[in-house]
Visitor: 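Quick one: the structure is below, and I'll ask about it shortly.
The chain is numbered in sequence order, starting from 1.
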Amino acid sequence: MKAVLPLCAMALLSACQTNNSAELNHCAQQNYQCESSCGQSSLPDTMSQQLCNNECIETFNQCKVQAEKLTKNIDSQYQ
């Protein structure tokens, strides 16, 4: 499980970088820090770690939605 966290974070960061959105990069960085914290504060492959990671994902998804809305608003202002 520990090997999966860095891979997920790298995938999120690379996906965000292709959009060139600072807001999405910020969301991905927060998610990486959150999941890293989960790995340090709970035993690997336990329910508590899984719940912690799920909270990180939920927070990331909310952040991503807000970032995409912000990006769309900014893009529409320049059209």
Side-chain angles (χ1 to χ4, degrees):
M1 183 68 171
K2 283 188 177 185
V4 174
L5 292 177
L7 294 175
C8 290
M10 289 188 331
L12 289 172
L13 285 171
S14 65
C16 292
Q17 288 173 348
T18 58
N19 291 333
N20 293 326
S21 170
E23 292 82 8
L24 287 175
N25 281 333
H26 179 73
C27 294
Q29 288 171 354
Q30 281 183 321
N31 186 64
Y32 174 77
Q33 291 172 348
C34 182
E35 289 186 358
S36 294
S37 177
C38 290
Q40 293 173 358
S41 65
S42 57
L43 295 173
D45 300 325
T46 60
M47 182 67 84
S48 62
Q49 184 181 24
Q50 186 176 4
L51 290 172
C52 185
N53 285 338
N54 288 345
E55 289 178 17
C56 294
I57 292 168
E58 179 70 27
T59 301
F60 170 77
N61 288 337
Q62 291 172 358
C63 183
K64 182 179 171 186
V65 167
Q66 291 175 344
E68 288 171 346
K69 285 180 184 178
L70 180 61
T71 302
K72 286 180 185 177
N73 287 340
I74 292 171
D75 288 344
S76 67
Q77 288 177 352
Y78 292 107
Q79 291 179 353

Visitor: Excluding sequence neighbours, so at least two apart, what forms side-chain hydrogen bond (donor to acceptor under 3.5 Å, both in side chains) with Q30?
Guide: H26
Visitor: For T46, which residues count as a side-chain hydrogen bond (donor to acceptor under 3.5 Å, both in side chains) partner, sequence neighbours excluded?
Guide: S48
Visitor: Measure the SG-CD distance between C63 and Q29 for me, rounded to the nearest 0.5 Å.
Guide: 10.5 Å
Visitor: Work out which heavy atom in A67 is nearest to a heavy atom in L24; give both atom names and the distance.
Guide: CB-CD2, 3.7 Å
Visitor: Measuring from atom CG of N54 to atom CD of E35, what distance do you get when rounded to the nearest 0.5 angstrom?
Guide: 9.5 Å
Visitor: Could you tell me whether the side chains of E58 and Q62 share a donor-acceptor contact shorter than 3.5 Å?
Guide: yes
Visitor: Any idea which heavy atoms bring I57 and N31 closest together, and the distance?
Guide: N-OD1, 4.0 Å
Visitor: What I'd like to find out is whether the side chain of K64 reaches to under 4.5 Å of the side chain of E68, using heavy atoms alone.
Guide: yes
Visitor: For a quick test of your reading: what N or O donor-acceptor pairs under 3.5 Å do the side chains of residues 37-44 make, sequence neighbours left out?
Guide:
residue : atom : partner : partner atom : Å
S41     : OG   : S37     : O            : 3.0
S42     : OG   : C38     : O            : 2.8

Visitor: Please name the residue in the list E55, Q49, Q50 that meets the side chain to side chain contact (heavy atoms under 4.5 Å, CB included) test with N53.
Guide: Q49
Visitor: Any chance you could measure C27, atom SG, to N61, atom CG, to the nearest 0.5 Å?
Guide: 9.5 Å
